[in-house]
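One structure below.
All heavy atoms count here, side chains included; hydrogens, waters and symmetry mates do not. Source: prediction; values computed, not measured.
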Amino acid sequence: MPPRNHKQWMKAPKVEHISSEIYSSHDIYKQEQENIFSKVWVPMCHISEMYGMGDYRTIQIAGHNVVAVNTGTGDVKAVKAYRNDQYLQPAGTMSTLPSGEPLHCEVKHGNMVWVTLNENPDCSVEEWTAGAFDCIADAIDTEELEVFHYHKAIIDTNYKLWHDTNSEFYHDFMHYFNRVSGFNDEYFARKNIPFDNGHVNVSSFTVNYEEYDGFEDRGELSFPNLPPNQWYMVDLFPGYNFNLRGSAYRSDIVTPLGPNKVMIEFRGYGLMKDTPEERASRIKAHNTIWGPFGRNLHEDLIGVAGQGTTMREGTERRNILHGRHENGTIHDEVGMRHYYEAWGRAMELDPSMRMAA
Ligand SMILES: [Fe+2]
């Protein structure tokens with residue numbers, strides 16, 4: 001094929017694609033808040049962050065202030081706080097429930113606290129997640145979990161780019177750690193498995209930690225019912241990610257702050273019953289990969305920030321290809337296609353924006 005010129009690149013390609021406009025448009029951002037974030041179940045925090053009676057956590061969903069409170073014995077209530085409500089810290093303890101509109105709330109999947117702004121949700125959390133957590137259920141639901149790590153990142157990029165980076169694995173070539181510890185036959189045979197409602201999970205493989213200088217085998221401290229050194233990932237529509245890597249478990253929760261800005265909250269989990277020595281090993285295993293100074297996570301953040309700069313408002317619209325078909329294996333873009341189909345249905349909009357061309 002002869003080299004293509006600019007005009008040809010701008011034509012609709014013959015493979016699946018989406019438009020960069022859906023990452024940069026203010027109107028689309030506003031519509032996402034309405035059509036997606038105001039409707040879905042959001043895993044806002046973990047029960048271990050609010051174990052005592054009156055303990056609360058807050059989150060903003062689609063611009064609304066949401067407070068979840070432990071009313072005692074593990075029962076959690078959530079409200080959409082009124083605008084004139086007293087100022088609340090992100091977390092703390094209160095004596096009475098704040099005034100506001102009651103929200104549907106459930107504690108599910110490793111005891112995450114799930115809320116939805118939807119006044120009449122048409123499904124439970126179990127139905128919404130549609131089996132995407134089945135692959136790790138025995139590992140996260142057998143023992144009580146506890147959050148041992150929290151940090152957040154505010155990145156000048158679109159929230160979907162964060163979810164994309166957790167869904168496509170060809171960017172693994174960017175991570176030195178993954179190149180040396182992960183690229184074995186099992187890695188390339190992993191499958192992307194789509195579930196209803198736009199969710200995907202990525203099946204497990206064995207990570208060869210000892211290939212990386214200074215890293216240790218994690219088999220001894222694996223999560224319950226998890227074979228040594230396995231790695232599973234659950235990508236939940238529209239932007240929540242659960243990542244189980246041997247001895248450490250991580251969740252990423254996105255809060256879009258604009259078309260070009262996202263807050264991502266990262267949590268690391270261990271088992272409540274960990275001894276101090278076990279906990280120290282888990283924290284080390286988590287932070288050396290996924291802490292702010294770890295081997296891996298900051299590379300993803302730099303990656304998505306760079307992608308974001310190329311598709312800001314005012315940049316020329318271009319086509320982003322999702323055309324890799326490799327029998328559903330790790331670098332097949334089936335996860336991306338599945339996500340954007342769900343996105344298109346929720347938004348009632350073709351993500352390739354063909355109609356507007
Ligand atoms: Fe990555």
Side-chain angles (χ1 to χ4, degrees), residues 3-4 6 9-10 13 15-29 32 151-183 187 192 200 202 212 233 235-241 243 245 250-266 287-324 330-340 343 351-353:
R4 281 176 282 184
H6 180 78
W9 274 112
M10 297 307 290
V15 296
E16 297 92 336
H17 62 280
I18 60 171
S19 169
S20 63
E21 199 178 337
I22 70 165
Y23 295 90
S24 58
S25 153
H26 261 280
D27 289 344
I28 286 177
Y29 163 73
E32 285 173 326
H151 81 278
K152 64 185 177 189
I154 295 175
I155 305 290
D156 288 339
T157 200
N158 186 276
Y159 79 93
K160 295 188 291 300
L161 283 169
W162 184 253
H163 201 67
D164 290 351
T165 209
N166 278 322
S167 308
E168 56 79 4
F169 276 75
Y170 35 83
H171 87 272
D172 265 344
F173 290 104
M174 174 180 79
H175 296 301
Y176 176 72
F177 178 83
N178 295 24
R179 291 202 302 274
V180 298
S181 66
F183 287 3
Y187 169 91
N192 292 287
V200 175
V202 182
Y212 188 96
M233 184 174 258
D235 289 319
L236 218 63
F237 182 85
Y240 312 116
N241 177 256
N243 203 329
R245 192 188 240 283
R250 162 186 139 203
S251 66
D252 310 355
I253 311 298
V254 301
T255 301
L257 302 173
N260 297 320
K261 204 175 273 292
V262 61
M263 177 171 82
I264 313 165
E265 293 177 278
F266 299 100
N287 288 3
T288 47
I289 305 275
W290 291 330
F293 307 106
R295 285 298 324 184
N296 184 297
L297 187 82
H298 65 287
E299 292 175 344
D300 290 313
L301 292 172
I302 291 166
V304 298
Q307 285 175 304
T309 59
T310 68
M311 46 178 96
R312 292 270 168 81
E313 223 172 1
T315 56
E316 189 172 40
R317 205 183 109 181
R318 59 196 166 84
N319 298 308
I320 298 164
L321 310 186
H322 288 167
R324 281 179 84 142
I330 194 66
H331 293 170
D332 190 312
E333 283 164 313
V334 59
M336 310 282 274
R337 293 189 291 272
H338 185 65
Y339 176 94
Y340 283 99
W343 186 92
S352 73
M353 306 290 282

Value rounded to 0.5 Å, distance of [atom1] in [X] from [atom2] in [Y]:
X	Y	atom1	atom2	answer
Ser167	Asn192	OG	CG	8.0 Å
Asn243	Ser251	CG	OG	9.5 Å
Asn260	Ser24	CG	OG	7.0 Å
Asn296	Phe177	CG	CZ	7.5 Å
Met311	Thr157	CE	OG1	7.5 Å
His26	Ile28	NE2	CD1	12.0 Å

Can you name the nearest heavy-atom pair linking [X] to [Y], along with the distance?
X	Y	result
Gly294	His298	O-CE1, 2.6 Å
Pro351	Tyr340	CG-O, 3.6 Å
Ile22	Ile18	CD1-CD1, 4.1 Å
Ser25	Pro259	O-CB, 4.0 Å
Pro238	Tyr159	O-CE1, 3.5 Å

Should [X] and [Y] count as side-chain neighbours, where that means a heavy-atom distance under 4.5 Å?
X	Y	result
Val254	His163	no
Val262	Leu257	no
Ile264	Ile154	no
Arg295	Thr288	no
His322	Ile320	yes
Pro292	Phe266	no
Leu321	Glu333	no

Tell me every residue that passes side-chain hydrogen bond (donor to acceptor under 3.5 Å, both in side chains) with [X], counting only those two or more places apart in sequence or in another chain.
X	result
Thr310	Arg318
Tyr187	Asp172, His331
Arg250	Asp252

**Within 6.0 angstrom of Tyr170 OH, more than 12 heavy atoms from elsewhere** = yes
**Prompt:** So, His175 side chain and Phe173 main chain: donor-acceptor pair closer than 3.5 Å or not?
**Reply:** no
**Message:** So does Trp162 get a backbone contact from the side chain of Thr165, meaning a donor-acceptor N/O pair under 3.5 Å?
**Reply:** no
**Request:** Quick one: sort the Phe169 and His171 rings into parallel, tilted or perpendicular, breaks at 30° and 60°.
**Result:** tilted
**Message:** Using the salt bridge (charged side-chain N to carboxylate O under 4.0 Å, His left out) criterion, which residues pair with Lys152? Sequence neighbours excluded.
**Reply:**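 Per chain and number, Lys152 pairs via salt bridge (charged side-chain N to carboxylate O under 4.0 Å, His left out) with no residue.
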**Message:** Once ring pair (Phe, Tyr, Trp, His ring centres under 6.0 Å) is applied, do any residues pair with His338, and if so which ones, sequence neighbours excluded?
**Reply:** none
Testing the 3.5 Å rule here: is there a donor-acceptor pair between the side chains of [X] and [Y]?
X	Y	answer
Asp235	Asn241	yes
Arg317	Ser19	yes
Tyr23	Gln307	no

**Prompt:** Which pairs, with at least one residue in residues 157-168 and sequence neighbours excluded, count as a salt bridge (Lys or Arg N to Asp or Glu O under 4.0 Å)?
**Reply:** Glu32-Lys160
**Request:** Report the C-alpha separation of Met263 and Ile155 in whole Å, then their side-chain angles, then the decisive distance to 0.1 Å, and conclude whether the side-chain contact (heavy atoms from CB on, under 4.5 Å) test is met.
**Result:** CA-CA 6 Å; Met263 177 171 82; Ile155 305 290; over 6 Å; no
**Message:** What I want to find out is whether Asp332 reaches Arg324 closely enough, with some N-O distance under 4.0 Å, to be called a salt bridge.
**Reply:** no
